[in-house]
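Quick note on labels: first sequence line is chain A, next is B, and so on, each numbered from 1.
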Protein chains: 2
Amino acid sequence: MLDGSDDMEDPVAGTKAADGKDQAGGSRGRRADAQRNVSAILEAAQELLSTDPTASMQEVARAAGVGRVTLYSHFGSRTELLDAVFTRVMAEADRALADVDLTGDEPQALARLVRSSWRIVQQSRLLLFAAQLELPQGQIREHHDRALERVESLIRRGRRNRTFRTDLPTSWLVTVFYSVIHGAADEINAGRLTVERAPNLITATLLSAFAPPVPAT
Amino acid sequence: MLDGSDDMEDPVAGTKAADGKDQAGGSRGRRADAQRNVSAILEAAQELLSTDPTASMQEVARAAGVGRVTLYSHFGSRTELLDAVFTRVMAEADRALADVDLTGDEPQALARLVRSSWRIVQQSRLLLFAAQLELPQGQIREHHDRALERVESLIRRGRRNRTFRTDLPTSWLVTVFYSVIHGAADEINAGRLTVERAPNLITATLLSAFAPPVPAT
DNA sequence: CGTAAGCCGTACAGCAGTGTACGACTTATG
DNA sequence: CATAAGTCGTACACTGCTGTACGGCTTACG
């Protein structure tokens, strides 16, 4: 939103902050240490905000081993930083899920998907909380939807093959997937569920919930 | 909890704020208008915080038609107010759920329970968010657990009668109950689910998830 | 090896919220 | 109807956070 006008009035472009926020990629004009700092900030912010969602810019800067002013030179506002961190996490998640084999038997594919997903959700639980505090909900949902696409396509396939139920809408089943995983994450955080037992419980529950209802009774 | 020391150093007791916070009951020394104000504050705070979880004391006071100072004279801090509101909501919920007939066929009882529960959850979604911002998590859980007792006892009964599955722990099934309802509430808020369809989806999902797994592959 | 890009700390301005103090006014209640 | 309980607005002190400005120093990079 605020980069748009900057690009217009700065014909040289890329002087300060255009597109090279992420560590990788070809930001030619940026000095190496600047790029390193941006990475350090993003990483530190991700970890810190996942612990304390209300951490201030001051604290983020300290955690990244960087001055607060430098932090502001890279991210114009708290919201901007939060958005960048959120984007980064979702990209990470997307990369992790891309490796999951979703072919073959749907229940087993679902189990694999759960096994790869739930940890990410658990770790970025509080970060989502932080995002909800100051990011427009539309933006959050947008990021989320992209990650849930894989879930949705798997469910669709299961429905076509009659492995999964078709009496409830696909979008609802996606919601159930998401909700149960989040519920498990909360339980773990509360110390009422161990990390080891979680994936099996989640998978067993989802498979029952997704199975076609038996016509009996 | 935080009134404890006040009672000690004020032998007269009941002068300002001891136990008569709620509208009903026998707070002899309190003037009638004071009691009315406390009620108005609690009601307004509940409604306002359910819309904007970050509403300030100023805004709460205005919504209650009361001066900010008066608000502070009844609730010493924001946290104290929030706790009172939270307690009130849970008490309301408890009262509503007490009317639900939990006897007889477990699936039907579960359906009735869902039908009475989910609206309350949906309406106080954001209030829970507010509570998580400044109430110790232990306190929140304590309130929650009391409300979930009914769910738990119903599930236990279903397990004894082999209507519900016993291969997953009871506490986990309670979590699933809670999570699915919350998920539905979020979907409604996002405009992706209508109020009319919600209860059926929730019930159908939970019944499948709670049903004993069929030994047939 | 010079220069510009980038870093740093400090300092300042602004804002918003929390709690508290005070004095005057209003109203239940006996 | 007198009095104590309660309310009201205004004002103040304090805290913590955001975002910006400035000048000096370090360092990457050609």
Side-chain angles (χ1 to χ4, degrees), chain A residues 1-2 6 10 12-18 20-21 23 26-41 44-45 48-49 52-83 130 133-135, chain B residues 2 6 10 12-18 20-21 23 26-41 44-45 48-49 52-84 130 133-135:
Chain A
M1 37 147 57
L2 46 96
D6 285 0
D10 190 358
V12 185
T15 324
K16 178 179 152 195
K21 287 270 171 70
Q23 71 277 27
S27 48
R28 304 167 283 225
R30 301 293 277 278
R31 244 171 59 174
D33 56 347
Q35 295 181 30
R36 243 182 297 123
N37 273 340
V38 171
S39 293
I41 290 171
L48 181 57
L49 291 174
D52 175 14
T54 67
S56 69
M57 293 295 263
Q58 178 71 273
E59 292 169 302
V60 171
R62 175 190 299 271
V66 148
R68 196 171 67 96
V69 180
T70 302
L71 172 52
Y72 270 106
S73 84
H74 289 301
F75 302 92
S77 71
R78 192 172 203 281
T79 302
E80 198 175 327
L81 171 64
L82 210 54
D83 184 53
L133 271 174
E134 31 196 334
L135 254 46
Chain B
L2 49 94
D6 285 359
D10 189 358
V12 184
T15 322
K16 179 180 151 197
K21 287 270 172 71
Q23 70 276 29
S27 47
R28 302 166 287 225
R30 302 294 277 279
R31 243 171 59 173
D33 56 346
Q35 295 181 31
R36 244 182 296 124
N37 274 341
V38 171
S39 293
I41 289 171
L48 182 57
L49 291 174
D52 175 13
T54 67
S56 69
M57 293 294 264
Q58 178 71 272
E59 293 170 301
V60 171
R62 175 191 300 272
V66 150
R68 197 172 66 97
V69 180
T70 303
L71 171 53
Y72 271 105
S73 84
H74 290 300
F75 302 93
S77 71
R78 194 173 199 281
T79 303
E80 198 175 327
L81 171 64
L82 211 54
D83 184 55
L133 270 173
E134 32 196 335
L135 253 48

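Heavy atoms of B:Arg68 sit under 4.0 angstrom from at least one base atom.
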Show the distances under 3.5 angstrom between N or O atoms of the protein and N or O atoms of nucleotides 28-30 of chain C.
unit_1	atom_1	unit_2	atom_2	d
C:dT29	OP1	B:Ala32	N	2.9

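Side-chain nitrogen and oxygen atoms of A:Thr70 include none within less than 4.0 Å of the OP1 or OP2 phosphate oxygen of C:dC7. A close approach under 4.0 Å does occur between a side-chain nitrogen or oxygen of B:His74 and OP1 or OP2 of D:dT7. OP1 or OP2 of C:dC7 has at least one side-chain nitrogen or oxygen of A:Ser73 nearer than 4.0 Å.
D:dC17 atom C1' lies 15 Å from atom CG of A:Leu82, rounded to whole Å. Here C:dC8 presents its P atom at 12 Å from CD of A:Gln58, a figure rounded to the nearest Å. Put simply, CG on B:Asn37 is 11 Å from C1' on D:dC8, counting in whole angstrom units. The CG-P distance, from A:Leu133 to C:dA16, rounds to 18 Å in whole Å. Distance, A:Glu59 CD to D:dG16 P: 11 Å, rounded to whole Å. Straight-line distance from the CD atom of B:Glu80 to the P atom of C:dT20: 11 Å, rounded to whole Å. Atom CG in B:Asp52 sits roughly 10 Å away from atom P in C:dG17 (whole-Å rounding). Per the geometry, CD belonging to A:Gln35 stands 11 Å off P belonging to C:dC7, to the nearest Å.
An end-to-end axis angle of 30° holds for the helix from C:dC1-D:dG30 to C:dG30-D:dC1, taken from five base pairs per end and rounded to 10°.
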